[in-house]
Amino acid sequence: MEVRTRFAPSPTGYMHIGNLRTALYAYLHARKNEGKFILRIEDTDQARLVEDSVKVIYESLRVTGLEHDEGPDIGGPVGPYVQSARLPIYRQYAERLLAEGHAYRCFCEKHEKQEDADEEHDGPILGYDGRCSRLSEADVQANLAKKMPYVIRQKIDKEGSTSFNDFVYGPITVEHKQLDDQILLKRDGYPTYNFANVVDDHLMGITHVMRGCEYISSTPKYILLYKAFGWEIPEHIHLPHILGPSGKKLSKREGSVALSDFLNKGYLPEAVLNYIALLGWNPGTEQEFFTKADLIAKFDIARIGKAPAMFDETKLAWLNAQHVKALPPEKAHELFLKFYPEKIVKGFDARKLTGYIQGKVEKLSDIPNMVSFLAGLDEKYSAELFVHAKNKTTLEGSKAVLKDLEAILSGLPSWDYAAILAAVKAYAEAKGAKLGPVMWPLRIAISGQAVTPTGAVEIAELLGKPETLRRISVAIGKL
RNA sequence: GGCCCCUUCGUCUAGCGGUUAGGACGCUGCCCUCUCAAGGCAGAGAUCACGGGUUCGAAUCCCGUAGGGGCCGCCA
């Protein structure tokens with residue numbers, strides 16, 4: 001049988017990193033098995049609709065390369081793929097449950113969740129007591145005649161229990177007395193998640209239901225629905241949560257949770273994908289660097305773990321550096337260009353610069369700080385930088401070295417890496433010195449900072465002869 | 001409060017009855033070196049949450065306890 005998985009986000013306005021991982025796993029499992037990956041929009045909560053948020057979903061899937069085979073934008077054989085466009089379908093199936101005694105109309109007032117007033121949350125929270133299930137047919141008809149608004153609830157016999165076998169968590173059993181007569185169809189005619197999900201997953205031929213583990217407790221209710229309809233029960237694969245740094249569920253309050261947050265910080269989409277794939281799954285080998293193609297080849301739902309994982313941005317950063325390094329030079333340059341100050345793009349051999357720093361960029365957003373000294377020398381740097389114990393450099397010594405270098409470099413017929421290096425080396429040798437005591441003052445002089453992303457020769461080459469000499473004379477003036 | 005789930009270095013994890021409990025990030029040191037990184041090497045870091053069993057033998061199997069998380073919405 002063809003594997004069919006789906007990603008079924010609600011349009012909330014941003015792509016939560018946990019949701020993205022769910023999408024990733026569903027995508028990988030489909031690709032791995034040459035099945036289909038379906039996108040379905042779950043927009044049944046009319047009160048929470050967020051403008052344009054469907055676009056965020058499309059864009060997130062596009063940028064991460066999780067392309068879907070069926071969905072609202074591209075259609076498919078079992079559409080529509082937006083739940084708000086499927087209302088008659090849900091109505092029809094709800095009526096069927098009504099007719100067959102698996103559901104009933106409920107005319108009660110709204111029974112909304114009360115926020116636990118900051119008291120302890122002890123004291124039982126009571127669910128719906130099922131009173132409308134005991135209404136006589138005559139009462140129901142009378143209420144209908146009065147045009148009383150109603151919802152349709154699932155009728156659950158409180159005797160017995162229901163079990164299912166979760167692919168990740170194993171056998172789960174819940175006593176029916178724990179299960180509420182949940183609402184299937186709301187007053188406004190929209191289905192709840194609890195109903196739409198079951199109906200759609202069946203109608204869309206989903207073979208593997210993947211979702212966050214917060215649904216484990218509710219799954220028996222869904223199983224009961226499948227049974228009431230006489231439908232085959234798909235494989236259930238619940239995923240452990242991703243936790244924030246404090247050990248609590250990853251949330252906006254703790255910092256970045258949206259894909260866009262990480263992208264804006266300069267993380268590569270492929271690095272984010274690689275990192276979250278490893279949060280709850282591992283290949284069983286020691287491989288940690290994965291391209292999307294690697295993931296498709298190696299992914300296996302059998303190796304998904306049960307324990308929640310904390311999101312560690314430090315490790316993401318490391319993985320990101322690995323992906324930056326692996327970028328083809330052309331691609332790296334294209335990406336880096338967006339982070340270079342205008343002056344560098346215009347006045348420097350930026351392509352060469354990219355080549356020099358590609359190996360040491362962690363996040364793309366680090367680039368501006370890394371290269372700003374090239375665009376302009378901050379002449380107020382401290383002269384103390386010239387003093388370096390290991391290279392045995394002093395203020396006076398540096399001044400002498402720079403004066404010599406000024407003369408040598410100004411007489412250089414060609415200005416490229418090899419020529420500059422050769423000249424400096426020859427000078428050091430003539431002085432009977434090692435390279436360090438010569439390079440150190442030069443690098444400080446032309447960068448104005450102790451730490452630079454490349455060596456002095458690369459910097460001089462990039463700056464060009466006039467600017468290099470100008471900076472050297474500025475330094476001499478300071479000393 | 002009821003029910004469900006989880007628990008191996010700080011973090012991500014390997015392990016599926018017999019291992020010096022392995023790897024990665026981070027951290028420390030050394031090497032390399034014109035700085036910082038990168039890279040290479042080395043090191044510190046886990047009484048496998050705790051307590052009972054079962055077994056010749058348990059991180060691995062069973063039962064409790066504790067801690068954490070989740071659900072109990074006309075939200076998903």
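In what follows, chains carry the letters A, B, and so on, assigned in the order in which the sequence lines appear, proteins first and then strands, with residues in each chain numbered from 1. Just so you know, these numbers use all the heavy atoms, side chains as well, and skip hydrogens, waters and symmetry mates.
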Over all strands shown, is [X] touching base, sugar-phosphate only, or nothing at heavy-atom distances under 4.0 angstrom?
{"X": "Y275(A)", "value": "nothing"}
{"X": "K177(A)", "value": "nothing"}
{"X": "Q358(A)", "value": "nothing"}
{"X": "A450(A)", "value": "base"}
{"X": "G305(A)", "value": "nothing"}
{"X": "G455(A)", "value": "base"}
{"X": "I183(A)", "value": "base"}
{"X": "T452(A)", "value": "base"}

Within the pair [X] and [N], is there a side-chain N or O less than 4.0 Å away from OP1 or OP2?
{"X": "N391(A)", "N": "C34(B)", "value": "no"}
{"X": "K434(A)", "N": "U33(B)", "value": "no"}
{"X": "R153(A)", "N": "G73(B)", "value": "no"}
{"X": "W318(A)", "N": "C25(B)", "value": "yes"}
{"X": "T44(A)", "N": "A76(B)", "value": "yes"}
{"X": "K390(A)", "N": "C34(B)", "value": "no"}
{"X": "K315(A)", "N": "U11(B)", "value": "no"}

Minimal non-hydrogen separation, H238(A) against D166(A), with atom names: ND1-OD1, 2.5 Å
Minimum-distance nucleotide (side-chain atoms of [X] versus [options]):
{"X": "A456(A)", "options": "C34(B), A14(B), C74(B)", "value": "C34(B)"}
{"X": "L435(A)", "options": "A76(B), G73(B), C34(B)", "value": "C34(B)"}
{"X": "N194(A)", "options": "A76(B), A24(B), U35(B)", "value": "A76(B)"}
{"X": "R303(A)", "options": "A76(B), G15(B), C74(B)", "value": "G15(B)"}
{"X": "P308(A)", "options": "C6(B), C34(B), C74(B)", "value": "C6(B)"}

Would you kindly give the NZ-to-P distance between K221(A) and C74(B), to the nearest whole Å? 10 Å
In whole Å, what is the span from the NZ atom of K306(A) to the C1' atom of G15(B)? 14 Å
Between [X] and [Y], does any side-chain N to carboxylate O distance fall below 4.0 Å?
{"X": "K221(A)", "Y": "D181(A)", "result": "no"}
{"X": "E313(A)", "Y": "K265(A)", "result": "yes"}
{"X": "D188(A)", "Y": "K186(A)", "result": "no"}

Is any N or O donor-acceptor pair between the side chain of K360(A) and the base of C36(B) shorter than 3.5 Å? yes
Determine whether any donor atom in the side chain of T314(A) lies under 3.5 Å from an acceptor atom in the base of G26(B), or the reverse, and answer yes or no. no
Can you tell me if Y190(A) and D45(A) form a side-chain donor-acceptor pair at under 3.5 Å? no
Is there a Watson-Crick or G-U wobble partner for A49(B) with both distances under 3.5 Å, and if so, which one is it? U65(B)
List the steps, then state whether salt bridge (Lys or Arg N to Asp or Glu O under 4.0 Å) holds for K315(A) with D312(A). CA-CA 6 Å; K315(A) 185 145 186 181; D312(A) 177 16; over 6 Å; no
